[in-house]
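Note that these values count all heavy atoms, side chains included, but never hydrogens, waters or copies made by symmetry.
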Amino acid sequence: MVSLTLLSTALMGLLVAATFLAVAKVGAQRTAPGTDASPDRYAAVVGTLRDVSQKPVVWAVAFVAIAVGVGGLALLAVGNFGLPEGLSGSLLGLTYAAVGLLVTGFVFLGAYFSARGRGLGNAHGVAAGSFAAGLVFLVLIAVQLLVGVVG
């Protein structure tokens, strides 16, 4: 239990340090609007990603890859493939985590795009998505305390 707490503390420390470095780097590179006429690398990457994400074949391939990945993990976790018992349990936990992250991601994006579709800004969309994802985690904690779903 102590090692899990230390690992969590170390990971949170790394996250805080990475966030601080990212904010410092962005703040150092910021220029006044309109001073740079040429598109920067960020705008080029965002434009390319926007073009790629608007193609239906990309969405179809991503869906098939996610479905096969989650199905494969579930099959490895519950099937009799000669895997050690500890690994099977870990794979089942990984499957639960993947499905939970997918559902939370859909809830976040649904709230985000719902707020954006009503004419609100990016910050409002992120706030709505974060609130909705927080509610998902709150419900999971309540169910865990009442029923004991995880572990």
Side-chain angles (χ1 to χ4, degrees), residues 1 3-78 89-151:
M1 185 68 181
S3 63
L4 184 61
T5 305
L6 289 175
L7 177 66
S8 173
T9 303
L11 288 176
M12 289 305 291
L14 287 173
L15 180 67
V16 168
T19 303
F20 178 77
L21 290 174
V23 168
K25 184 177 179 182
V26 168
Q29 294 176 350
R30 183 167 280 186
T31 59
T35 58
D36 189 17
S38 65
D40 59 349
R41 188 172 29 174
Y42 175 77
V45 169
V46 168
T48 304
L49 288 176
R50 183 181 306 120
D51 293 340
V52 168
S53 69
Q54 291 177 347
K55 296 180 181 175
V57 71
V58 172
W59 287 97
V61 169
F63 173 78
V64 169
I66 290 171
V68 168
V70 169
L73 275 176
L75 188 63
L76 281 175
V78 299
S90 298
L91 287 176
L92 190 60
L94 188 62
T95 304
Y96 287 152
V99 170
L101 284 174
L102 283 171
V103 168
T104 304
F106 285 133
V107 167
F108 176 87
L109 289 175
Y112 174 81
F113 287 122
S114 175
R116 293 285 298 167
R118 287 177 171 74
L120 299 174
N122 284 336
H124 294 101
V126 170
S130 298
F131 182 74
L135 286 178
V136 168
F137 287 124
L138 185 65
V139 167
L140 177 68
I141 290 169
V143 169
Q144 171 63 25
L145 289 174
L146 290 174
V147 182
V149 179
V150 181

By side-chain contact (heavy atoms from CB on, under 4.5 Å) - contacts of Leu75 (at least two apart): Phe81

Side chain to side chain donor-acceptor pair (under 3.5 Å) with Ser114: which residues, sequence neighbours excluded? Arg118

Checking Leu135 now: which residues fulfil side-chain contact (heavy atoms from CB on, under 4.5 Å) with it, not counting sequence neighbours? Phe131, Leu138

N/O donor-acceptor pairs under 3.5 Å from side chains in residues 45-57, not counting sequence neighbours:
residue : atom : partner : partner atom : Å
Thr48   : OG1  : Ala44   : O            : 2.9
Ser53   : OG   : Leu49   : O            : 3.1
Ser53   : OG   : Arg50   : O            : 3.1

Check residues 105-113 and write down every donor-acceptor pair under 3.5 Å in which the side-chain atom is one partner and the other belongs to a residue at least two apart or another chain.
residue : atom : partner : partner atom : Å
Tyr112  : OH   : Asn122  : OD1          : 3.0

Are any non-hydrogen side-chain atoms of Tyr96 and Leu92 less than 4.5 angstrom apart? yes

Partners of Ala74 by side-chain contact (heavy atoms from CB on, under 4.5 Å), sequence neighbours excluded? Thr95

Should Ile141 and Gln144 count as side-chain neighbours, where that means a heavy-atom distance under 4.5 Å? no

Calculate, to the nearest 0.5 Å, the distance between atoms CG and CG belonging to Leu140 and Leu145 respectively. 9.5 Å

Do Val126 and Ser130 make a side-chain contact, defined as non-hydrogen atoms from C-beta onward lying under 4.5 Å apart? yes

